[in-house]
Each structure stands twice: as structure tokens, then as C-alpha cells.
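Here is the structure we will look at.
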Amino acid sequence: MPGVTSPDPYDRQPYTEHAYAETHPDRLAVVALLAGWRPPAVPTARVLELGCGPGGNLLPMAAQLPGASLVGVDLSRVQIEHARAVAGETGLTNVTFHEASFDDAAAAPGPFDFVVAHGVCSWVAPAARRALLRAVAGALSSGGIAYVSFNVLPGWYDRMAPRAWLRAHPTDDPLASLAWLRDRVSPELSEYRRRLDAVARRLGETDRAYATHEYLADEHHPMFVRDLLAEATDAGLTYLGDAVPSETALEMLPDDEARGRARASDAPGAQEIVDFVRNTAFRRALFVRTDAARAAGWQWSPGLSAAAIDAMRVASRLRPHGSSAGPDARGAERFDGPESSVQVDSGVARRALHTLADAAPRSRPFGDLAGGTDAAALRAELFDLWLATGALDFHVHEPPLAGPDVLRPLACPVARWHAAHGGPITNRWHQAVRLEDPPMRAVLALLDGTRTLAEVARAAGCTDAVASACVEAIARAALLAG
């Protein structure tokens with residue numbers, strides 16, 4: 001992330017190498033189409049990431065989109081050098097990294113079809129934040145889409161007291177410091193205790209870098225969505241929507257009264273209602289250039305257009321429950337996702353979910369799923385599942401994917417690098433994959449397309465059966481390149 005002082009704090013404590021699925025051009029294009037905006041082509045896109053850190057988001061994206069051109073900018077020399085080294089070692093020639101501030105236009109001459117600024121906006125001084133928004137607007141192509149994440153009020157009010165405590169009482173062990181404070185709080189203040197516990201749990205789930213830059217940094221400015229959108233308007237940007245509609249779509253408000261009040265408001269007013277009703281703490285706003293929106297005659301709509309799904313592909317992480325009676329049985333059928341289960345009554349939706357489960361990790365065109373059935377009913381069911389579960393994905397582009405039966409398996413080069421050197425694994429859909437089993441990571445690191453399964457087994461020091469099982473799991477996780 002760009003900083004405003006020297007030496008850069010991200011040189012002293014580099015941020016983690018996470019990839020964020022919602023920043024991928026494919027995801028941004030899907031949300032744009034649902035909002036009535038025609039996005040640039042994904043496979044050949046020009047992508048700019050401001051505050052790219054060590055390249056954890058941009059590097060796997062470059063591997064997934066070999067026909068695209070990607071540029072990362074960050075003020076931290078340590079992180080830029082790391083990103084360049086990984087790009088070189090993985091043979092990626094379509095991505096470059098520049099040590100520069102985000103408002104240095106010479107570092108990344110545009111225009112760009114997609115501009116990403118994740119984890120920057122709330123963590124710089126207000127003047128720098130406004131400069132960031134101007135830089136985003138200046139870098140966008142006429143039809144381009146920008147992604148800007150930021151911390152939001154009122155949700156962040158619950159976290160301000162723990163942050164203030166940790167900054168006022170510096171320690172090498174933030175968790176212990178919060179535990180000390182929590183134990184001194186009167187049991188009568190149960191809600192305050194709950195908020196302290198929630199922050200402690202979050203810090204316990206993350207690494208030191210998260211605590212350093214989220215709770216200890218000098219600059220941290222959560223905002224009401226209305227205020228951020230006003231600054232974006234001043235910079236020449238128009239609000240398009242949110243990269244994760246399940247968290248901000250008016251369709252997800254709890255009752256007709258809330259939805260009606262929001263639909264009667266303008267975009268800032270509607271989103272402010274969402275944030276107060278849902279106690280939102282983090283947003284991933286999407287913007288287009290205001291002049292481009294005017295030229296296209298586009299205006300924000302309070303609802304998403306599910307009809308756009310007809311031209312998309314669909315992938316699912318929902319799987320029929322083990323005791324499922326099948327898609328043609330009477331009554332509801334249970335499907336299990338990564339984080340929750342769902343009961344599906346509609347026969348047309350159940351048949352589509354079975355088809356998608358059989359095709360996984362690949363996607364299928366919506367038209368193929370609809371077939372001769374009621375396309376409108378299927379569209380509505382899939383749209384609702386997409387919003388409600390997070391386990392269904394719409395796509396406009398599918399990267400080349402391979403199954404486990406290839407002679408010499410080839411895994412994504414960035415995933416192989418992380419398997420060998422440590423760090424999070426990102427699949428071809430730009431999703432995080434948990435591979436904690438050492439043999440699995442050892443096999444993944446060896447899948448460079450030059451070895452047969454038997455040769456992989458010998459190099460990994462395991463049996464052919466173990467190597468075969470690992471490759472099958474790696475293929476199911478969408479890590480094998482076609």
C-alpha cells in the first residue's frame with residue numbers, strides 16, 4: 001500500500017500476499033453487467049493495481065489472464081522487489097511492478113480497463129485519499145471499472161475503542177493487551193466485552209501484519225458511504241455498485257419497508273440505509289468515469305438486472321448432500337457449500353446444481369443449464385442462490401482448466417511457487433485454496449508440466465497412489481491449467 005512517510009511502514013512490516021477474488025476483472029465485469037454497464041473484455045484487459053503490496057493479488061491474476069497486461073504500483077520498495085522476484089521466477093511477462101506513489105501517473109501510463117485500490121483508501125491521510133480517487137479516475141479508460149475498498153461507519157464504531165486502546169498502550173502482544181482490558185471491564189458492560197472479544201478473535205485469525213496496519217497504523221479513517229461517494233464524485237467518478245452485492249444489494253435488506261425506503265433514495269442514500277441496517281464495516285465500491293456514464297446515458301438503478309445472467313457462465317461450490325434423494329425426488333433437496341447448507345425446492349434449480357456439481361471446477365453457460373426448461377424461473381433461482389449463499393459464481397470468462405487425467409499435469413506457476421516457498425494458494429478462479437497437508441503442497445510444487453504422475457511421486461517421495469490422490473484434489477480445486 002502506498003504510504004505518506006519515509007521509510008514506508010510496509011517496508012518494516014510487509015502486508016500478506018492474499019488474492020481477493022472480488023477484485024478480479026471477471027468478477028467486476030459480472031457486477032457491471034448486472035448493473036447495466038457494458039464492461040471491457042476481460043481476457044485482453046489492461047489492469048492497474050494501486051497499492052499492490054508484494055503482488056499476492058496481481059501475480060495469480062496475471063497467470064490466469066495471459067492475454068492481459070497488468071501493472072502494480074506501490075511505494076514500498078521491499079514489497080515491489082518481492083513482487084518482481086516472484087514474477088521473474090514464475091516466468092510471468094505480462095505483469096510489471098513499479099515503486100512509486102499512487103498519484104505518479106508516469107509510473108503507470110493509462111488508460112486501464114480495470115483499476116484496483118484494495119486496502120488503501122482508509123489507510124492514508126484525507127488529502128492522500130482524495131488524490132487516490134483522482135488518480136483512479138485519471139487512470140480509467142472510458143468504459144473502465146474501478147474497485148476501491150474502504151472501512152465504513154457505522155460498523156467500525158465497534159472497533160474504534162479497541163484500536164484506540166492498542167495505540168495508546170503499545171505492546172508486542174495485542175491479544176494479551178485486549179484480554180487484559182476485557183477482564184477489567186465490568187460484567188455489567190456485556191456488550192462492550194462482546195465487542196472486545198470480537199476484535200480479539202479477528203486478530204487471532206490473522207497475522208501480525210493485519211494488526212499492525214489495521215489497528216496500530218497512524219492513518220486510519222473509516223467513513224460513511226455517503227461521504228466517500230461525495231469525494232468520488234468530486235474526483236470525476238460515478239458509483240456503479242459493490243463488488244460483493246450480497247453485502248450491499250437492496251434485495252438483501254430484511255423487509256419491504258427497508259427496501260422501499262432505500263429504493264426511493266438516490267445511490268448514496270440507499271447505500272447509507274444498507275449500512276445502518278446491516279452495521280456495515282467494510283465496502284468494496286465500484287466506480288466508472290462520470291463523463292463515460294453520461295455519454296452512455298447510464299444511471300444507477302436500485303435493483304440488479306438478473307436478465308444479464310443469460311449471457312454468463314455459472315459455476316457452483318454447492319454439492320448434493322450425501323443422503324440426497326436426487327434432483328427428481330419430491331420435496332426440497334439439501335446442498336452443502338463451503339460455509340453453509342441450503343435447501344432447494346425448485347426442480348429446475350436442483351437439476352442445474354447437479355449439472356454444475358458434475359462439471360466442477362469448470363463452469364457451464366447459463367443457456368446450457370436452462371435448456372428447454374423455464375429459463376426465467378431458473379434465472380431467478382440461481383440469482384437468489386448467488387446473493388444468499390456466496391457459493392454460486394457467475395462468470396464472463398473461464399480460464400483454461402484441466403482435469404487430473406492429463407499425462408503431465410501443469411499447475412498455475414504462482415500456486416506452485418507458493419507451494420514451494422510458503423504462502424496462500426490461489427486457484428485459477430482467483431479463489432483462496434486451503435492446502436495444509438504437506439504432501440499436497442509438495443506435489444503441487446512439482447506440477448510444472450514436465451513430469452508424469454510416477455515421476456511426480458518419486459520426486460515428492462510418496463507412492464503413486466498418494467500422488468494420484470493429490471493431483472485429483474488439486475484438479476478439483478481448480479489449480480490445474482489446461
**OP:** Begin from the C-alpha positions of D384 and T389 and carry the test side-chain contact (heavy atoms from CB on, under 4.5 Å) through to its verdict.
**Re:** CA-CA 8 Å; D384 288 346; T389 70; over 6 Å; no

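- Checked by atom type, the side-chain pair W123/E214 shows a donor-acceptor distance below 3.5 Å.
- Looking at heavy atoms from C-beta onward, R317 lies out of side-chain contact with P361 at the 4.5 angstrom threshold.
- Checked for salt-bridge contact, D218 and R167 meet the test: a charged N lies under 4.0 Å from a carboxylate O.
- With values rounded to the nearest 0.5 angstrom, L369 atom CG is found 13.5 Å from E381 atom CD.
- To the nearest 0.5 Å, the span separating CG on D113 from CD1 on I145 amounts to 9.0 Å.
- Side-chain N or O atoms of E398 include one that pairs as donor or acceptor with a backbone N or O of S363 at under 3.5 Å.
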**OP:** Would you sort out whether M312 and F366 count as a side-chain contact (heavy atoms from CB on, under 4.5 Å), showing the intermediate values?
**Re:** CA-CA 6 Å; M312 295 182 190; F366 173 81; 5.6 Å; no

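- Counting heavy atoms of neighbouring residues, nucleotides and ligands inside a 6.0 Å radius, atom CZ of R184 exceeds 12 of them.
- Between V116 and L48 the shortest side-chain heavy-atom distance does not fall below 4.5 Å.
- For the residue pair E22/H430, the side-chain donor-acceptor check at 3.5 Å is not satisfied.
- Nearest heavy-atom pair across S177 and T171 is CB-CG2, 3.6 Å.
- R202 forms a cation-pi arrangement with Y210, by the criterion of a distance under 6.0 Å to the ring centre and an angle within 45° of the ring axis.
- Between N57 and H24, the side chains place no donor N or O within less than 3.5 Å of an acceptor N or O (distance only, hydrogens not considered).
- Checking side-chain atoms of R193 against main-chain N and O of V185 turns up a donor-acceptor pair under 3.5 Å.
- You'll find the side chain of E247 reaches within 4.5 Å of the side chain of R284, heavy atoms only.
- A donor-acceptor contact shorter than 3.5 Å is absent between the side chain of R38 and the backbone of G143.
- When every heavy atom of A415 is checked against every heavy atom of L479, the shortest pair comes out as CB-CD2, 3.8 Å.
- Considering all non-hydrogen atoms of both residues, W300 and A267 come closest at CD2-CB, 3.5 Å.
- The environment of E257 atom CD is sparse: at most 12 non-hydrogen atoms of other residues, nucleotides or ligands sit within 6.0 angstrom.
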**OP:** Kindly determine whether H169 and W180 satisfy ring pair (Phe, Tyr, Trp, His ring centres under 6.0 Å), including the steps that lead there.
**Re:** CA-CA 11 Å; H169 301 273; W180 184 93; 7.8 Å; no

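- When all heavy atoms of V414 and L59 are compared, the pair lying nearest together is CG2-O, 3.7 Å.
- Remark: side-chain polar atoms of R46 are paired, donor with acceptor, to backbone N or O of P111 under 3.5 angstrom.
- Between R130 and D234 there is no salt bridge, since none of the side-chain N atoms of the basic residue sits less than 4.0 Å from a carboxylate O of the acidic one.
- A distance-only check finds a donor-acceptor pair linking the side chain of Q64 to the backbone of N427 [under 3.5 Å].
- Sparse packing is recorded around CD of E188, with 12 or fewer heavy atoms of other residues, nucleotides or ligands lying under 6.0 Å away.
- Residues F97 and C52 form a side-chain contact, since some pair of their non-hydrogen atoms from C-beta on lies under 4.5 Å apart.
- When side chains are defined from C-beta on, V47 does not count as touching V95, because their heavy atoms never get closer than 4.5 Å.
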**OP:** Please lay out, stage by stage, how H354 and F335 fare under the test side-chain contact (heavy atoms from CB on, under 4.5 Å).
**Re:** CA-CA 9 Å; H354 276 270; F335 290 84; 3.8 Å; yes

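- Proximity of a side-chain donor or acceptor of T280 to a complementary backbone N or O of F276 within less than 3.5 Å is not detected.
- Counting heavy atoms from C-beta outward, V225 and P268 have side chains that stay 4.5 Å or more apart.
- Nearest heavy-atom pair, P254 versus R259, reported as atom, atom and distance to 0.1 Å: C-NH1, 3.8 Å.
- Exactly one residue among H397, R313, H395 makes a side-chain hydrogen bond (donor to acceptor under 3.5 Å, both in side chains) with D26. That residue is H395.
- Between the T355 side chain and the R351 main chain, a donor and an acceptor come within less than 3.5 Å of each other.
- Rounding to the nearest 0.5 angstrom, the gap separating the OG atom in S190 from the CZ atom in R195 is 9.5 Å.
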**OP:** Start with the C-alpha distance between H220 and W156, add both sets of side-chain angles, then the distance that settles ring pair (Phe, Tyr, Trp, His ring centres under 6.0 Å), and finish with yes or no.
**Re:** CA-CA 11 Å; H220 181 245; W156 245 89; 4.3 Å; yes

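- Shown here for T426 and A19, the closest heavy-atom pair between the two residues is OG1-CB, 3.4 Å.
- For CZ of R261, the number of neighbouring non-hydrogen atoms (other residues, nucleotides, ligands) closer than 6.0 Å is 12 at most.
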Original post:
Does the pair S149 and F282 meet the rule for a side-chain contact (heavy atoms from CB on, under 4.5 Å), with working shown?
Top reply: CA-CA 7 Å; S149 67; F282 185 67; 3.5 Å; yes

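- We find the CG-CZ distance between L216 and R208 to be 6.0 Å, quoted to the nearest 0.5 Å.
- At least one donor-acceptor pair closer than 3.5 Å links the side chain of D74 to the backbone N or O of G53.
- Under the 4.5 Å side-chain criterion, counting only non-hydrogen atoms from C-beta, T233 is not in contact with T238.
- A side chain to side chain contact (heavy atoms under 4.5 Å, CB included) with W386 holds for exactly one of I309, V314, L304; it is L304.
- A donor-acceptor contact shorter than 3.5 Å links the side chain of D255 to the backbone of A258.
- In this structure a side-chain-to-backbone donor-acceptor pair under 3.5 Å is present from R289 to L140.
- Note that CG of N151 and OG of S122 are 4.5 Å apart. Values are rounded to the nearest 0.5 Å.
- Within a 6.0 Å radius of CZ in R294, no more than 12 heavy atoms belonging to other residues, nucleotides or ligands are found.
- A heavy-atom distance below 4.5 Å is not found between the side chains of Y215 and W165.
- In this structure, CH2 in W37 is found 7.5 Å from CH2 in W298, a value given to the nearest 0.5 Å.
- Under the 6.0 Å distance and 45° angle rule, R283 does not count as a cation-pi partner of F150.
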